[in-house]
Amino acid sequence: MAKQSYLLRRSATYYFRISVPIELRQRFGKPELVKSLNTTFLYEAKELCSSMALVTKEIFRTVESMPDLTTAEIQQITQRYYQECIERFEAWMQQTRTGDRFKLIPGTEYEPHPDAPTLEDVTDNILKPFENRSATDPLFDISDHIISTQRLTVGKSTPAYKELARMGALQVQEAIQQLCQQYVHHQPLAHKSDWLQYPPEQEANQQTALPPLQFSEAIQKYQQQDTSGTSSKTTKTATFALWQELMGDKPLADITKHDAVTFKENLLKLPKNMRKRKPYRDMDIQKILEFNVPETERQSVKTVNEKLLSMQTLFTWAVNNAYYEGDNPFQGLQINGSSSQVTPIKPYKLEHLQKIFSSPVYRGSRNSHHRYAAGTTVIEDGLFWVPLIALLSGARMNEICQLDTNDIYEQEGIWLIDINTNGTHKKLKNHHSARKVPLHQKLIELGLLDYQQRATTEGHSKLFPELPLCSKRQNYANIFSKRYATWMKTLELHGGGLVFHSFRHTFITKLRELNTNQIIIDSLAGHNEGSARSNYGQTTLNAMQEAINTVAFDLPWDNIKPTRDTNDDCHPPH
């Protein structure tokens, strides 16, 4: 006898086991699914195992067509379907066995009693939880059952809704067929089989069909519903404009996989920052494609993938909202292994930090216009304070640049930085990023509180008033980022994974080297890793202050606090 697929035996109990496709493993959160069949009889296990295999494959297809489902929701759907199938069957078996309506000899063919249950009995019991006797289409009652029990948001006009119905119907149908073959007379499905049919195709199309859209019209509708962050929206807007420039404004429904591949191939030929650099900025895009741009000047793999992802997201929305039929043409087009081609961010080494904090910005500049040339003027502004705060708090660039003067205050006798979204255009990476970070003692010694008091006395609401909101990127870090990049080039500390974010890596690495409790690290960094969540009910300001003050670096701190020329106005450096 051939070996039963998907069947696993542990001790005396049989289990169903199936591998999750590689492309879905991250979404399922595991490489395989395993479910106890609650039986020690091989003949029972085989029947249930075969049914579950079909159900699972339909779940795989459903998950692939519903990109918005979270891992937790996927696992709930899978487990609930497995459990409901088994529980309904076991309950029905218990009921029929109690009445001695049939006799079952383990390991042999069934021996039906004259009063054995018929196919109608089986279908009535298995389908009963889904039945809506007043409905003309009980099939879709299955979808409603799944959506309500799993608390999903799926519109009734979407392909995802129909797919849920189909998945549920196939599971029920297969369960009936498999169980009836084992336990009742072999009969074809009776009248209940009409429940497992879709409505007539013409009627379905009349209910769900939406007017065709041009690509430009689809963009407008999508952008009205897009809730992603500003940076992501900026990338999408540029990508959609580039698509129309390269491919034209054709009907959305006419865009094919071939069009998507052509777009990808063109992206790989284009130069980076082509609208800002000579000679490309004044050239027609078709001329640029014919220009044979040197490989060293082309867009990075990461940039190309970001654009392809923007297009994939647009078409996922179009499919889910019935504006596009068929598979997403951009699915699977991203370049594999691109992460290995992107230089990972590295922490600063001690020699890097010594070079930064011994530079003219801290020892003395020529003047406010020449901050990177040696002199006697030290200016306290964002360029001076932001790197120090980052090194001794682990805060991100924009988290520091957007600080208000009242975001530094004393609580429970501890001075702290309150990283929040209270105020105009302040934003964080995610909700875990909101946190209170005690001020490192070294920042207090260097005079950060004195600087804050002066800014408040002068009437500034922002801690670094020379860093205005960038209207395009909607953040306060844009000017600082450019100044910092120029500064690092003068110090030859750019490239190779060294960026401003290296301060954050340096801070967290130092905490780990000191064997700091992971919950405290997550609280200080605004992380949410596993069960160590960054909420302050699990740690205290005192514990965080103690941990943060253990972070120490062998730096020329005495040279960072010379006599300051506080009368020199702050201007962008040349």
Side-chain angles (χ1 to χ4, degrees), residues 23 61-69 140 143 153-166 198-228 232-270 274-275 283-290 299 303-335:
E23 62 273 17
R61 293 185 59 183
T62 301
V63 170
E64 191 172 13
S65 70
M66 297 176 67
D68 294 332
L69 285 179
F140 283 90
S143 289
T153 302
V154 182
K156 289 194 174 184
S157 63
T158 65
Y161 183 80
K162 180 182 283 190
E163 185 66 14
L164 279 174
R166 189 171 73 86
Y198 282 125
E201 190 65 28
Q202 182 177 5
E203 181 183 350
N205 287 339
Q206 289 174 354
Q207 293 176 355
T208 61
L210 293 172
L213 292 177
Q214 290 293 112
F215 183 82
S216 56
E217 295 173 328
I219 291 171
Q220 292 178 1
K221 287 182 174 294
Y222 171 71
Q223 290 177 330
Q224 289 172 0
Q225 302 175 33
D226 186 13
T227 58
S228 55
S232 177
K233 287 181 179 178
T234 300
T235 299
K236 290 175 187 176
T237 300
T239 302
F240 300 155
L242 185 58
W243 167 273
Q244 293 183 86
E245 197 174 357
L246 283 168
M247 310 297 292
D249 185 18
K250 56 170 37 175
L252 190 74
D254 293 346
I255 294 173
T256 64
K257 188 77 170 183
H258 176 73
D259 294 327
V261 172
T262 300
F263 181 66
K264 172 184 175 179
E265 292 173 347
N266 287 336
L267 289 178
L268 292 169
K269 297 177 184 177
L270 294 175
M274 65 179 179
R275 293 312 179 199
M283 291 175 63
D284 179 78
I285 197 161
Q286 296 301 328
K287 291 289 185 183
I288 296 176
L289 291 174
E290 298 169 4
Q299 297 183 97
T303 300
V304 170
N305 276 347
E306 286 175 348
K307 288 181 169 62
L308 293 174
L309 180 60
S310 295
M311 295 298 294
Q312 180 180 326
T313 303
L314 170 68
F315 275 84
T316 296
W317 167 85
V319 169
N320 289 340
N321 287 274
Y323 292 115
Y324 187 88
E325 293 186 1
D327 296 332
N328 189 323
F330 285 87
Q331 186 74 38
L333 284 192
Q334 293 187 59
I335 302 170

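Sequential numbering from 1 along the given sequence is applied to the chain's residues. Excluded from the calculations below are hydrogen atoms, water molecules and symmetry mates; all remaining heavy atoms, backbone and side chain alike, are included.
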Undergrad: Counting C-beta onward and ignoring hydrogens, is there a side-chain heavy-atom pair between Leu333 and Met311 closer than 4.5 Å?
TA: no
Undergrad: Quick check: does any side chain N or O of Lys307 sit under 3.5 Å from a backbone N or O of Leu267, one acting as donor and the other as acceptor?
TA: no
Undergrad: Would you sort out whether Thr256 and Asp259 count as a side-chain hydrogen bond (donor to acceptor under 3.5 Å, both in side chains), showing the intermediate values?
TA: CA-CA 5 Å; Thr256 64; Asp259 294 327; 3.3 Å; yes
Undergrad: Atom NZ of residue position Lys287 - does it have more than 12 heavy atoms of other residues, nucleotides or ligands inside 6.0 Å?
TA: no
Undergrad: Can you establish whether the number of heavy atoms outside Lys221 located under 6.0 Å from its atom NZ is more than 12?
TA: no
Undergrad: Just to verify, what does Glu217 make a side chain to side chain contact (heavy atoms under 4.5 Å, CB included) with, not counting sequence neighbours?
TA: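 Per chain and number, Glu217 pairs via side chain to side chain contact (heavy atoms under 4.5 Å, CB included) with Leu213, Gln214.
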Undergrad: On a heavy-atom basis, which atom in Leu252 and which in Tyr323 lie closest, and how many Å separate them?
TA: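 Nearest pair, atom of Leu252 first, then Tyr323: CD2-O, 3.9 Å.
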Undergrad: Side chains of Thr239 and Phe263, heavy atoms from C-beta outward: is any pair under 4.5 Å?
TA: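 The answer is yes; the side chains approach within 4.5 Å.
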Undergrad: Side-chain contact, heavy-atom cut-off 4.5 Å: Tyr222 with Thr313?
TA: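 In contact.
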Undergrad: Taking everything shown except Asp327 itself, do over 12 heavy atoms lie less than 6.0 Å from its CG?
TA: no
Undergrad: So Asn266 and Ile285, do their side chains get closer than 4.5 Å, heavy atoms only?
TA: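 Result no, sub-4.5 Å side-chain heavy-atom pair not found.
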Undergrad: Would you name the heavy atoms of Phe240 and Ser310 that are closest together and state the gap between them?
TA: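 Residues Phe240 and Ser310, closest heavy atoms: CE2-O, 3.8 Å.
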